[in-house]
Amino acid sequence: MNLSRSLLRPSPAGGQHGLLHLVDSCRAAAHLPTLRAVHARLLLLQHLPSSAVARVKLIQAYAACSALPAARAVLTSSPDRTTVFFNVLLRALTAASLHREALLLFASMRLQGPSCSPDHYTYPLALKSCAASGSLRLGVQIHASIARLGLDANLFVAHSVISMYARCGRPNDAYQVFDEMQHRDVVSWNAMISGFAHAGLFQRAVVIFREFVGLQCTQPDAGTMASVLPAMGNAKAEDITFVREVFDKMRFRGLISWNAMLSIYAINGLHVKAVELFVRMEKDWVEPDRMTLATVLPCCGQVSAFSLGKHIHEIIKRKRMCPNMLLENALMDMYANCGCLKDAREVFDAMSLRDVVSWTSIISAYGVRGHGTEAINLFENMLGQGLEPDSIAFVAVLAACSHAGFLDVGKRYFDCMTSRYQITPKAEHYTCMVDLLGRAGCISEAYDFILAMPIKPNERVWGALLGACRIHSNMDIGLLAADSLFRMVPDQTGYYVLLSNIYARAGRWADVTSVRSVMASKGIKKLPGASNVEIGDQVHTFHVGDRSHPQSEMIYKKLEELLGRIRGMGYNPGVEGTLHDVEEEEKEGHLSVHSEKLAIAFVLINTSPGTPIRITMNLRTCSDCHHAAKLISAITDREIILKDINRFHHIVQGVCSCGDYW
DNA sequence: ATAGGGTTAG
């Protein structure tokens, strides 16, 4: 490396300046061997005793090389010690998250005499460590010293006091400091916004954000956007719109602002908005970084924006951003959710390092398709690598067991999770277990399981039971589940439909009608089924009986042809239909124009033979469409990947990965 | 020669 070469030929100008420059280069390059050599030379030439600057630079450089003991040794061996040495070392310790050690060093300054008294550089660092380690008592003491010295007029100091109080769980004390400030700049507001956000007072964070914007004295900056972000989970639509307006009005929009805006959309489930904003970002020639892409990729997955996802993968390759676990995990997630298990697996196999998130991602990809054995093999493989499964990894493997109907294995994992790994089951785990038991036909066991839960069963838990009751036609327990659900979420259409399906299966048409009239009286409408498919980078949406598509005529002709061909193979719309679809208008004729079928016909017309058909829909698919899709996949020799509201159906040559069990 | 607010997955 050329650092060492220049060391051999030090600049003729007497050395010290050249050597100090070399120290800075070692700091930038984090090159410890050269740094040691330069240090030795400085010692040899006796530059160190006279030059405080040289010693400060050495401390910084050693810290940059993660050689903290060496950094500390420079301070210890200094004949004259001043505050700045401590500040630089404190900075190194806080940057390395060594907050305990930072606070010990801070405390030791008092013993060093007046030349080492903490100053307006020291306090922000010490308070940062208090905030990070939750040391409220020490923080309060430090605040008192600051006030005694009158240092609270310094903005840097005041902001760190605000931040310390907020992060130590005292948002009101933080606000008092903020409120009493004589002068404020943009960071003062950012500190308070982020303070409320980190203290969990999301609404107050948003209110003060709005107040700041309303003042119009100082422009919000990227820090403002990033500060409000953690307060925007589950945000109100009007707040999101407001932040977007602020974002649009910013005179300078840097990458951090774009990333924060994308993130706000993503955490609120506004995946389409995030995708649109990303497209806008590309048009504006803003170069995305890893975080941008790691934020947008899951959104692509959620809306099955496969071509954009692939495009992002190309960006990642072009910029040589991999290997990078964050991105690889996000890519896997995107491919899996776009229905491309193979591509997800390729990313997984190519990874040089994998963490629990990577494994969980691929396990869940297999699991939601019904490939239970592979999901379990992967889970065991992960354990074999010595990785500790966490709560979410268990959700993935339990879900895999329930989708595949592996009753005993699932029960074993649940026990293993609590006993061996000491993980307290959450609602998601209970949902998986109820699903597992219920699907396997153990309905009363599932019901007892819910009653014995130590936490209050939520909507999804009861929903899983109701779903199982539909599969196994259990009306008694189905009614109990429905009753709980209607009390919890009286307006959720899907549960009424499930209940009426249960009645329909039992042939109790009067009850079917009464469920429908309850729905009508409450003004609840059945969510219209919609299927999305992507051709090129264009998304096409189909509804039941949709004739709005320009190719409508061709689509219906194709569908008729297909249905004609599969009828000879045992497809009989009437029989399946009465079992599952109770809406009058959907019987017979309308079953044949369900959105899934239209989408399949459309893709067959517009793609070359052999191209997989990927469909994303907003409901669970009906068994009539499922049956038809299987037969169509066989006669047209196409893979059909149907993403349903809660799982994937991967159909190859007439066989579905769900094993007809969903 | 040193300090404040801020974004990263399953």
Among the nucleotides B:dA3, B:dA1, B:dG10, which one has an atom lying closest to any side-chain atom of A:Val356? B:dG10
Looking at B:dG10, B:dG4, B:dA9, which one has an atom nearest to any side-chain atom of A:Leu155? B:dG4
Compare the minimum distances between each of B:dG10, B:dT2, B:dG5 and the side chain of A:Tyr121, then state the nucleotide with the smallest one. B:dT2
Whole-Å gap separating P (B:dA9) and CG (A:Leu262): 13 Å
Sorted by number, residues from residues 227-234 of chain A placing a heavy atom under 4.0 Å from DNA chain B are A:Ser227, A:Leu229
Identify which nucleotide among B:dG4, B:dA1, B:dA9 has an atom closest to any side-chain atom of A:Pro298, counting heavy atoms from C-beta outward. B:dA9
Return yes if the base of B:dG10 and the side-chain atoms of A:Asp390 contain a donor-acceptor N/O pair under 3.5 Å, otherwise no. yes
So for A:Asp221 and B:dG5, does any side-chain atom that can act as donor or acceptor lie under 3.5 Å from a complementary atom in the base? yes
So, is A:Arg91 close to the B:dG4 phosphate, meaning a side-chain N or O under 4.0 Å from OP1 or OP2? yes
Counting the atoms with a prime plus P, OP1 and OP2 as sugar-phosphate, which does A:Ser364 contact under 4.0 Å by heavy atoms, base, sugar-phosphate, or nothing? nothing
Without decimals, in angstroms, what is the distance between A:Met181 CE and B:dG5 C1'? 11 Å
side-chain N/O A:Ser163 vs B:dG5 OP1/OP2, d < 4.0 Å: yes
Does A:Lys128 have a side-chain nitrogen or oxygen under 4.0 Å from the phosphate oxygens OP1 or OP2 of B:dG4? yes
Atom CE of A:Met281 and atom C1' of B:dT7 are separated, to the nearest Å, by 11 Å
Given B:dA1, B:dG4, B:dA3, identify the nucleotide with an atom nearest to the side chain of A:Lys57. B:dA1
Are any side-chain N or O atoms of A:Thr122 and backbone N or O atoms of A:Asp119, one a donor and one an acceptor, separated by less than 3.5 Å? yes
Taking A:Asp333's backbone N and O only, do any of them form a donor-acceptor pair with A:Asn337's side chain (distance below 3.5 Å, no angle check)? yes
Listed once per pair and sorted, the ring pair (Phe, Tyr, Trp, His ring centres under 6.0 Å) pairs that draw on residues 211-234 of chain A, sequence neighbours left out: A:Trp189-A:Phe212
With a 3.5 Å cut-off and heavy atoms only, can you find an N or O donor on one side and an acceptor on the other between the side chain of A:Thr360 and the base of B:dG10? yes
Can you tell me how far P of B:dG5 sits from NE2 of A:His183, to the nearest Å? 21 Å
Rounded distance (Å) that lies between atom P of B:dG4 and atom NE2 of A:His198: 15 Å
Please confirm whether the backbone N or O of A:Met261 pairs with a side-chain atom of A:Arg244, one donor and one acceptor, at under 3.5 Å? no
What's A:Met325 touching, base or sugar-phosphate or nothing? Going by heavy atoms closer than 4.0 Å. base
Can you establish whether the number of heavy atoms outside A:Gln182 located under 6.0 Å from its atom CD is more than 12? no
Return the value, rounded to whole Å, for the distance between atom CG of A:Leu398 and atom P of B:dG10. 19 Å
With a distance cut-off below 6.0 Å to the six-membered ring centre and an angular limit of 45° from the axis, does A:Lys310 pair with A:Phe306 as a cation-pi contact? yes
A:Met382 CE to B:dG10 P, in whole Å, measures 16 Å
Minimum-distance nucleotide to A:Gln60 side chain [options: B:dT8, B:dG4, B:dA1]: B:dA1
Under 3.5 Å donor-acceptor, A:Arg27 side chain and A:Tyr62 backbone: no
Restricting to side-chain hydrogen bond (donor to acceptor under 3.5 Å, both in side chains), what partner residues turn up for A:Ser135, sequence neighbours left out? A:Ser133
Please determine, for the side chain of A:Leu125, which listed nucleotide (B:dA9, B:dA3, B:dG10) has the closest atom? B:dA3
Donor/acceptor link under 3.5 angstrom from A:Asn190 side chain onto base of B:dG4: no
Taking only the side-chain heavy atoms of A:Val88 (C-beta and beyond), determine which of B:dG4, B:dT7, B:dT2 contains the nearest atom. B:dT2
Taking only Lys NZ, Arg NE, NH1 and NH2, and the carboxylate oxygens of Asp or Glu, determine whether A:Glu314 and A:Lys319 approach each other closer than 4.0 Å. no
Looking across every strand, which nucleic acid part, if any, lies under 4.0 Å from A:Asn329 by heavy atom: base, sugar-phosphate, or nothing? base
Can you tell me how far P of B:dA3 sits from CE of A:Met164, to the nearest Å? 20 Å
